[in-house]
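One-based numbering along the sequence shown. Start at 1 and go down the list; that is how both ligands and their atoms are numbered.
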Amino acid sequence: MTIVVKIDRENIDEAIMIELSHIIKNNGTVVFPTETVYGLGANALSDIAVAKIFAAKGRPSDNPLIVHISNIEQLDRIVEIIPEKAKVLMDKFWPGPLTLLFKKKAVISDMITGGLDTVAVRMPSSKIALKLIEICDLPLVGPSANISGKPSPTTAEHVIKDLDGKVDAIIDGGDCEFGMESTVIDVLNETPMILRPGSITLEEIAEAINTVIYDPAMMHNTIIAKSPGQKYIHYAPKGEVYLYIGEADDIANAINQAAARFIDESNKVMILGTEENILNYKEGIILNLGSRTNPMEISSNLFSMLRKADELKADIILVEGVEEEGLGVAIMNRLKKASGGRIINCGDSA
Ligand code: AMP
Ligand code: MG
């Protein structure tokens with residue numbers, strides 16, 4: 001049975017958090033809200049607990065987990081050294097949605113890292129997440145609390161849909177602030193590399209450490225990605241997702257034509273459009289992702305709208321792509337994965 005408890009992030013009930021920490025200490029699983037998405041928490045120092053995470057999510061064993069900490073002493077327990085560049089980034093972005101790779105100590109099992117000798121760590125800024133980790137005084141693994149392959153959960157309702165009966169407890173702490181996962185960065189090599197784009201942009205990181213690039217494999221699916229999770233189809237609703245890229249006007253025309261065709265073939269069609277284009281759409285269930293001038297709005301709406309497609313039993317989901325810069329890189333990374341490669345270039349300019 002899964003217990004669901006509401007916690008007010010501005011007035012955290014310490015007694016309930018202590019109860020929840022007992023579940024973690026006894027190798028159980030507790031879902032907690034973070035500023036990015038909801039995480040599925042368990043003791044990172046226990047193989048029994050970690051195995052439960054992979055089982056609950058149906059996650060492939062070679063897709064490593066991020067370890068969440070609430071203070072630097074916990075980091076020292078699990079990593080060999082903290083490189084200078086990592087210190088600079090931790091100073092600037094922790095607590096917050098940046099995950100860094102470190103050389104792991106032996107206490108971190110291969111099960112967490114998928115056999116890699118590095119461990120991915122972050123310190124979340126969510127008060128509820130920090131409180132839970134602090135009371136447990138343990139590093140916690142915390143992958144997104146969804147069934148593997150589904151869009152990440154940004155509300156407790158999303159988590160309940162996927163994991164009710166499969167985890168011991170779920171903390172309902174309201175909507176997640178960013179709605180997009182953390183950025184994963186590797187600073188262990190000469191040139192720091194973003195392995196997974198996320199809530200912190202390359203531009204923000206470059207302000208702190210000058211040189212930083214995207215893992216070439218992340219942008220071009222032909223090369224093997226350094227971040228194992230990047231190779232899986234992810235974030236996908238049950239219906240087929242088609243991603244349209246190019247100029248906004250061309251996209252609207254192409255989506256309208258496709259919608260008419262799919263509806264003719266008796267499909268239930270959903271359109272995820274941007275505010276600028278929304279009045280141009282004619283048929284289908286039309287949802288507004290947010291303004292092209294406000295990628296933060298689009299990123300925080302994205303997963304819940306992809307989940308809406310399942311709720312409304314859409315067969316076909318036609319999505320407007322956005323510019324691949326800043327937060328748009330992370331948005332497009334998720335949409336490309338959700339589309340499973342169904343990407344349509346519109347107009348001459350694309
Ligand atoms: P999730 O837990 O769903 O947020 O996904 C975690 C992401 O972090 C996946 O894309 C993993 O591949 C990545 N990751 C975790 N640990 C490592 C590691 N040691 N090296 C590279 N990528 C990692
Ligand atoms: Mg995930």
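Heavy-atom contacts of Leu195 reach the following atoms of ligand 1: 21 (C) (cutoff under 4.0 Å). Less than 4.0 angstrom separates some heavy atom of Pro143 from each of these atoms of ligand 1: 2 (O). The atoms of ligand 1 that sit less than 4.0 Å from any heavy atom of Ser144 are 2 (O), 3 (O). For ligand 1, the atoms closer than 4.0 angstrom to any heavy atom of Ala120 are 15 (C), 16 (N), 17 (C). Set against the non-hydrogen atoms of Ile66, the atoms of ligand 1 under 4.0 Å away are 6 (C), 8 (O).
Salt bridge present: Lys103 and Asp117 bring a charged side-chain N and a carboxylate O closer than 4.0 Å. Contact check on Asp315 versus Lys268 returns no salt bridge, with no Lys/Arg side-chain nitrogen under 4.0 Å from an Asp/Glu carboxylate oxygen. In summary, Glu157 and Lys161 do not engage in a salt bridge, as defined by a charged side-chain N under 4.0 Å from a carboxylate O. Under the 4.0 Å criterion applied to side-chain N and carboxylate O atoms, Lys336 and Glu324 are assigned as salt-bridge partners. Arg122 has a carboxylate O that lies under 4.0 Å from a charged side-chain N of Glu35, or vice versa, which qualifies the two as a salt bridge.
Taking a 4.0 Å cut-off on heavy atoms, Thr113 fails to register as neighbouring ligand 1. Using a non-hydrogen distance threshold of 4.0 Å, Arg59 registers as a contact of ligand 1.
The part of Asn63 lying near ligand 1 is the side chain, judged by heavy-atom distances below 4.0 Å.
Between Ile298 atom CD1 and Leu327 atom CG the span is 9.0 Å, to the nearest 0.5 Å.
The residue among Leu116, Asn146, Val184 with a heavy atom at the shortest distance from atom 20 (N) of ligand 1 is Leu116.
Under 2.8 Å from the Mg ion (ligand 2) lies an N/O/S atom of Ser144, whether from backbone or side chain.
Checked by distance only, ligand 1 and Thr118 come closer than 3.5 Å through their nitrogen or oxygen atoms.
Remark: of the listed residues Glu325, Glu323, Glu320, Glu320 is the sole one forming a salt bridge (charged side-chain N to carboxylate O under 4.0 Å, His left out) with Arg292.
Ring planes of Phe262 and Tyr242: tilted class, angle from 30 to 60°.
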